[in-house]
Amino acid sequence: MSEWSISKDSAIRDRVWRATKGRILQLMSTLGSLPHLNRIPIERALNRLPAKIFAIQVHSALIESRAFDKQTRLPNMESHDIPVMILKSERDSVAKYVKRIYDNSHAQIIDITDEGEKDLFREHLYHMVNPLLTTVIIEGFVSRIQQDIALTEEEEATA
């Protein structure tokens, strides 16, 4: 339907997208976990966005979402041997941890779930709420990767 509605310009299709955009804005404005300060720039940006551009972005997001639903691992990361670290929270309702993707990969998973946190948006923005601890976690990850690379290079040089 989204592909059909963006394929040609018409007054009816434009009204449909304006109504859809209005409903999405209304839903976003009533999300309890989204801080009011974050709503204002989102609402302003979406209000200025022409309905046709909004429709194209929604269509693109739907295509990416369908592709993500079929994803079972991180093939590009694995084929190029790129280290991956995932900070997961079982309570994060915004960025849900998807086991089928990460359990089959070489990603390092670190559980940062804070059962005492009542504000789910703070749980989602763990890296901003706990910047010092996040920095320690990332520095540890990078240091381990650098040590692994140094060991590998040393082994290759002696072989």
Side-chain angles (χ1 to χ4, degrees), residues 1-115 117-131 133-135 137-138 141-142 144-145 148:
M1 182 189 139
S2 64
E3 193 172 312
W4 168 83
S5 66
I6 61 177
S7 63
K8 292 182 182 175
D9 288 332
S10 77
I12 293 172
R13 293 177 192 191
D14 193 51
R15 281 197 305 261
V16 167
W17 281 111
R18 273 189 274 147
T20 303
K21 185 172 92 169
R23 179 68 175 143
I24 289 173
L25 273 170
Q26 189 268 329
L27 289 172
M28 285 177 56
S29 298
T30 58
L31 282 176
S33 62
L34 186 63
H36 189 71
L37 287 175
N38 291 353
R39 282 185 206 138
I40 295 167
I42 292 171
E43 288 173 0
R44 284 187 182 158
L46 286 178
N47 278 327
R48 293 180 187 155
L49 194 63
K52 178 96 175 191
I53 303 298
F54 179 78
I56 292 168
Q57 288 180 330
V58 168
H59 179 70
S60 176
L62 289 171
I63 289 171
E64 288 301 315
S65 177
R66 289 183 70 199
F68 183 77
D69 289 344
K70 296 174 186 172
Q71 188 173 346
T72 57
R73 54 197 236 312
L74 304 170
N76 289 333
M77 301 300 183
E78 293 165 7
S79 65
H80 297 292
D81 203 25
I82 298 172
V84 177
M85 178 181 65
I86 306 292
L87 298 178
K88 81 164 186 161
S89 169
E90 294 296 333
R91 299 186 64 233
D92 186 350
S93 57
V94 179
K96 269 304 208 193
Y97 176 74
V98 183
K99 287 183 180 185
R100 69 178 156 72
I101 295 174
Y102 304 114
D103 285 352
N104 297 330
S105 70
H106 69 289
Q108 178 184 348
I109 312 322
I110 299 174
D111 191 343
I112 48 103
T113 305
D114 182 358
E115 296 298 334
E117 181 61 68
K118 301 298 180 213
D119 185 343
L120 296 182
F121 207 74
R122 286 177 57 90
E123 186 77 4
H124 173 65
L125 296 174
Y126 178 87
H127 62 285
M128 293 175 74
V129 174
N130 303 293
L133 184 55
T134 302
T135 302
I137 292 170
I138 292 170
F141 176 74
V142 170
R144 282 191 299 280
I145 299 303
D148 290 348

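Side chains are part of it too, since the values below use all heavy atoms of this structure and drop only hydrogens, waters and symmetry mates.
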Taking atom OG of S89 and atom CD of E115, what is their separation to the nearest 0.5 Å? 7.5 Å
Do Y126 and L133 touch side chain to side chain, with heavy atoms closer than 4.5 Å? yes
Contact between K99 and I101 at the side-chain level, heavy atoms closer than 4.5 Å - yes or no? no
Which residues pass the side-chain hydrogen bond (donor to acceptor under 3.5 Å, both in side chains) test with R15, sequence neighbours left out? none
Find the distance between CD1 (I145) and CD1 (I82) and round it off to the nearest 0.5 Å. 11.5 Å
Contacts of D148 that satisfy side chain to side chain contact (heavy atoms under 4.5 Å, CB included) - sequence neighbours left out: none
Quick check for you: to the nearest 0.5 Å, what is the distance between T72 atom OG1 and Y102 atom OH? 12.0 Å
With a 4.5 Å limit on heavy-atom distance, are the side chains of Q108 and R144 in contact? yes
Please list, chain by chain and in numerical order, all residues satisfying side-chain hydrogen bond (donor to acceptor under 3.5 Å, both in side chains) with D111, sequence neighbours excluded. T113
Test side chain to side chain contact (heavy atoms under 4.5 Å, CB included) applied to E117 - qualifying residues, sequence neighbours left out: R91, D114, D119, R122, E123
I'd like to check the side chain to side chain contact (heavy atoms under 4.5 Å, CB included) partners of H59; sequence neighbours left out, ordered by chain and number. S2, E3, I6, I63
What distance do T134 atom OG1 and I112 atom CD1 have between them, rounded to the nearest 0.5 Å? 7.5 Å
Under the side-chain hydrogen bond (donor to acceptor under 3.5 Å, both in side chains) test, which residues partner Y97, sequence neighbours left out? D103
Show the nearest heavy-atom pair for residues T135 and P131, with the distance to one decimal. OG1-O, 2.7 Å
Should the pair E64-R66 be classified as a salt bridge under the 4.0 Å nitrogen-to-oxygen rule? no
Would you say that T20 contacts V58 through its side chain, given a criterion of any heavy-atom pair below 4.5 Å between the two side chains? no
If the condition is side chain to side chain contact (heavy atoms under 4.5 Å, CB included), which residues does S60 pass it with, not counting sequence neighbours? none
Pairwise side-chain contact, I137 with I110, heavy-atom cut-off 4.5 Å (strictly under): yes
Which heavy-atom pair separates K70 from R100 by the least distance, and what is that distance? C-NH1, 4.5 Å
Sequence neighbours excluded, which residues qualify as side-chain hydrogen bond (donor to acceptor under 3.5 Å, both in side chains) partners of Q71? none
